[in-house]
Amino acid sequence: MSKIILLLTLSLFAIHAYAQNSSQNEYEEWKPLQNEYSNFDISKYAMPDIIRKQLDINFDFLSNYSNDGHFYSNGNSRLESANINGNISSSFSRYVNTRKKISNFRGHLSFRENYISRNNKQSSTDNNSTTIDNESKLSQQNSLYLDWSNKWYFSKLFFLNYDFSGSISYIFSQDKTKNQAENFNQKRKDFSFQISTRLGVGYGRIESVRDACQALYIANALSKKGVLSRSLSDDELFELSQLISTVTNKRFLDARLHLTEEITTLDSFFEENDLLEENGVAYFTTLYDMWQYGNLFSRNSGYEISFIVRPYYSHRNLRYSPVIRDIIYNSNQHLIGLSYSYEKPYKLKWQHSLSTGVSGGIISFSEQNRPTENDYKNKTTFNSFSAIAMYSFGYYPNTRTNIRITTRQEISKNVYIDEGHSTYFHSILSANVYYYFSPNLRLAGDCNLIFSPSRPKENDFDYSHINTFSSSFNLHLSYSIF
């Protein structure tokens with residue numbers, strides 16, 4: 001435990017020191033912000049009506065080959081292995097935000113194939129024998145995922161909430177083994193689908209305010225450089241925020257044209273409002289830097305309380321051959337719940353996030369095995385109740401860095417028809433750090449402490465107490481090509 005805490009502390013200190021040094025040399029982001037825009041409340045920002053679409057296509061291919069030869073006094077062996085892995089996937093999203101409607105549609109289609117082969121040949125001079133083992137594994141996976149969520153506001157804050165999500169997947173796998181002792185060939189077909197709907201009503205609205213944060217970053221940075229003729233008014237900051245939301249919404253196939261359009265639009269705003277004392281190198285480099293780094297992290301404001309009804313159904317069928325055996329899993333859930341979410345940004349550097357919820361309903365699982373002999377079916381039905389509370393505190397020391405501390409508490413209880421019951425607790429404390437070396441290169445680190453006691457009880461004489469503690473620490477460096 002002490003080692004994990006020490007590693008996290010050192011990582012935070014290193015990121016802080018690096019960010020401070022680079023920022024002081026370039027744009028002095030670590031120095032306190034000026035107070036000239038302290039009266040502008042970013043939590044009251046409202047986005048303009050926008051429609052955003054995004055399509056991503058990913059291609060992945062991996063190939064490995066190895067050939068190992070071993071030679072002994074009484075023989076030799078040679079092992080050949082090959083691995084080919086390919087994946088094609090596509091994701092599409094459509095986001096609509098108006099005063100009357102918030103809608104989000106997401107779809108993901110994926111095709112993946114993996115082939116592994118091993119060929120082991122051994123020769124012995126003692127008895128002039130040769131053995132050959134051939135193994136191969138083939139796996140093909142196709143999947144489709146859809147999610148459509150909507151909030152219709154029939155007044156300023158009252159809304160109707162409904163959504164639909166579903167997925168379908170098919171996995172085919174084949175294992176082959178061939179040698180002098182056996183000739184094994186097993187195929188498995190795995191078909192599954194899940195479908196879930198949600199219907200509810202609610203009150204409130206959570207708005208994205210990241211564009212308002214970026215407007216303040218730009219105004220503060222330009223003011224520090226001394227290129228502004230005067231400070232922006234609150235109305236001008238609001239107008240700049242909505243301009244950022246609008247110009248970000250435009251789509252270009254050529255990223256260079258997109259960036260040119262964005263910078264040109266922002267420059268026109270400052271020119272038309274007579275805000276520039278000078279528009280030289282210091283102005284454009286600062287504007288360019290804040291545009292690249294000022295909108296990296298999501299920021300929200302507002303609250304929502306909603307009551308929902310959510311049915312859920314899943315089905316999975318496993319079929320093995322040549323010895324035919326079917327295993328069928330079915331799950332039904334009928335849940336109702338009440339949830340509350342709250343987001344509050346405090347100026348530029350702080351973010352408070354709170355969410356709570358209670359839910360309950362009936363859950364049933366069934367498993368059916370249909371081999372050639374001794375068919376059986378097992379079904380479990382129970383009532384489930386749960387309550388969740390989470391609080392997160394975010395710190396944004398500059399445009400490149402986000403540090404977030406989160407605590408989460410969950411309690412759930414399952415009551416079975418045979419009068420047995422189980423109670424589960426989950427207490428989680430986590431810390432996350434994100435730092436952008438560039439808009440494409442990001443370092444992420446997280447540390448988690450989890451305590452999960454459970455209390456299964458079948459009757460007054462048959463019960464157990466289980467206490468589970470776990471921790472994790474992870475560092476991740478990612479680079480986005482585009």
Side-chain angles (χ1 to χ4, degrees), residues 32-52 95-104 150-161 202-223 228 230-249 262 265-266 269-270 272-273 275 290-291 293-306 339-356 390-399 402 404:
L33 294 176
Q34 299 180 15
N35 295 323
E36 53 189 313
Y37 302 116
S38 60
N39 293 327
F40 183 71
D41 189 356
I42 59 177
S43 65
K44 295 182 179 179
Y45 174 69
M47 293 187 66
D49 293 351
I50 61 171
I51 299 177
R52 292 178 178 173
Y95 175 72
V96 178
N97 189 323
T98 68
R99 293 301 95 192
K100 292 292 185 180
K101 177 184 179 181
I102 298 178
S103 177
N104 198 357
N150 296 272
K151 292 178 182 176
W152 282 93
Y153 286 84
F154 45 86
S155 72
K156 183 177 180 180
L157 294 177
F158 284 100
F159 62 86
L160 175 67
N161 186 6
Y203 180 84
R205 185 179 182 118
I206 294 180
E207 198 84 53
S208 174
V209 296
R210 64 192 304 172
D211 296 329
C213 292
Q214 188 174 28
L216 279 184
Y217 278 126
I218 292 174
N220 275 300
L222 293 177
S223 179
L228 296 180
R230 59 178 176 85
S231 298
L232 280 71
S233 66
D234 287 354
D235 290 339
E236 288 173 330
L237 284 173
F238 185 85
E239 182 184 352
L240 177 59
S241 302
Q242 290 211 320
L243 182 65
I244 291 173
S245 298
T246 303
V247 72
T248 305
N249 186 48
E262 292 168 338
T265 302
L266 293 180
F269 169 82
F270 287 99
E272 293 172 0
N273 288 277
L275 290 167
M290 289 298 106
W291 184 253
Y293 291 96
N295 203 18
L296 295 175
F297 302 108
S298 176
R299 302 288 295 273
N300 297 307
S301 176
Y303 68 92
E304 285 182 356
I305 182 170
S306 59
S339 63
Y340 173 77
S341 299
Y342 175 78
E343 295 282 349
K344 178 63 175 179
Y346 180 69
K347 301 187 183 301
L348 276 178
K349 289 192 175 184
W350 316 99
Q351 180 79 31
H352 301 278
S353 303
L354 174 68
S355 63
T356 61
M390 184 190 71
Y391 171 74
S392 181
F393 177 73
Y395 174 53
Y396 303 82
N398 58 27
T399 57
N402 174 216
R404 182 172 291 271

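As the structure is a prediction and not an experimental result, all values here were calculated from the model.
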Over all heavy atoms of both residues, which pair between Ala46 and Gln242 is shortest? Give the atoms and the distance, please.
O-NE2, 3.0 Å
Is a side-chain donor or acceptor of Gln351 paired with a backbone partner of Asn300 at a separation under 3.5 angstrom?
yes
Partner residues of Arg404 under the salt bridge (charged side-chain N to carboxylate O under 4.0 Å, His left out) criterion, sequence neighbours left out
none
Across all chains, not counting sequence neighbours, the side chain to side chain contact (heavy atoms under 4.5 Å, CB included) partners of Lys100 are Thr98
In Å, rounded to the nearest 0.5 Å, how long is the span from CG of Leu266 to CD1 of Ile244?
6.0 Å
Passes side chain to side chain donor-acceptor pair (under 3.5 Å), Glu343 versus Ser301? Steps please.
CA-CA 5 Å; Glu343 295 282 349; Ser301 176; over 6 Å; no
Determine whether Asn150 and Asn161 make a side-chain contact, defined as any pair of heavy atoms from C-beta on separated by less than 4.5 Å.
no
Mind checking side chain to side chain contact (heavy atoms under 4.5 Å, CB included) for Ile50 and listing every partner two or more places apart, or none if nothing turns up?
Met47, Pro48, Arg52, Tyr95, Asn97, Asn249
Ring centres under 6.0 Å, that's the criterion: do Tyr203 and Phe158 meet it?
yes
Under 6.0 Å between ring centres: does that hold for His352 and Phe393?
yes
Under the side chain to side chain contact (heavy atoms under 4.5 Å, CB included) rule, what do Tyr153 and Lys101 come out as? Steps first, then yes or no, please.
CA-CA 6 Å; Tyr153 286 84; Lys101 177 184 179 181; over 6 Å; no
Considering all heavy atoms of both residues, which atom of Cys213 and which atom of Ile42 are nearest to each other, and what is their separation?
SG-CD1, 3.6 Å
Does either side chain, that of Ser233 or that of Asp235, offer a donor lying less than 3.5 Å from an acceptor on the other one?
no
Going from CD1 on Ile218 to OG on Ser223, what distance comes out if it is rounded to the nearest 0.5 angstrom?
13.5 Å
Taking Arg99 first and then Glu207, would you say they form a salt bridge - that is, a charged N and a carboxylate O separated by under 4.0 Å?
yes
Rounded to the nearest 0.5 Å, what separation is found between the NZ atom of Lys344 and the OH atom of Tyr303?
12.0 Å
Rounded distance (nearest 0.5 Å) linking atom CG of Leu237 with atom CG of Leu232
5.0 Å
Relative to Phe159, does Arg205 satisfy both conditions: NZ or CZ under 6.0 angstrom from the six-membered ring centre, and within 45 degrees of the ring's axis?
no
Tell me, please, whether Tyr396 has Arg299 positioned over its six-membered ring: NZ or CZ under 6.0 Å from the ring centre and within 45 degrees of its axis?
yes
Could you tell me if the side chain of Val96 sits less than 4.5 Å from the side chain of Ile102, heavy atoms only?
no
Is there a side chain to side chain contact (heavy atoms under 4.5 Å, CB included) between Phe269 and Leu275? Walk through the geometry before answering.
CA-CA 9 Å; Phe269 169 82; Leu275 290 167; 4.0 Å; yes
Looking only at heavy atoms, what is the nearest atom pair of Ser208 and Tyr45, with distance?
O-CD2, 3.7 Å
Donor-acceptor pair, side chain of Arg210 and main chain of Asn295, under 3.5 angstrom:
yes
OH on Tyr217 to CG on Leu296, rounded to 0.5 Å:
9.5 Å
For Phe154 and Trp152: C-alpha separation, side-chain torsions, deciding distance, then whether side chain to side chain contact (heavy atoms under 4.5 Å, CB included) applies.
CA-CA 6 Å; Phe154 45 86; Trp152 282 93; 5.8 Å; no
Kindly give the heavy-atom pair with the smallest separation between Leu354 and Tyr391, and that separation in Å.
CD1-CB, 4.3 Å
Kindly give the heavy-atom pair with the smallest separation between Val209 and Pro345, and that separation in Å.
CG2-CG, 4.2 Å
May I ask you to decide if Ser43's main-chain N or O and Asp41's side chain share a donor-acceptor pair within less than 3.5 Å?
yes
Please lay out, stage by stage, how Asn220 and Leu348 fare under the test side chain to side chain contact (heavy atoms under 4.5 Å, CB included).
CA-CA 11 Å; Asn220 275 300; Leu348 276 178; 4.1 Å; yes
Who are the side chain to side chain contact (heavy atoms under 4.5 Å, CB included) partners of Ser355, not counting sequence neighbours?
Ser341, Met390
Not counting sequence neighbours, which residues clear salt bridge (charged side-chain N to carboxylate O under 4.0 Å, His left out) with Lys151? List them please.
Glu304
Going from CG on Asn398 to OH on Tyr293, what distance comes out if it is rounded to the nearest 0.5 angstrom?
10.5 Å
Just checking Lys44: does its NZ atom have more than 12 heavy atoms from other residues, nucleotides or ligands closer to it than 6.0 angstrom?
no
Are more than 12 heavy atoms, taken from residues, nucleotides or ligands other than Trp350, located less than 6.0 Å from that residue's CH2 atom?
yes
Without hydrogens or angle criteria, can the side chains of Ser241 and Asp211 be said to hold a donor-acceptor pair below 3.5 Å?
no
By ring pair (Phe, Tyr, Trp, His ring centres under 6.0 Å), which residues pair with Phe270, not counting sequence neighbours?
none
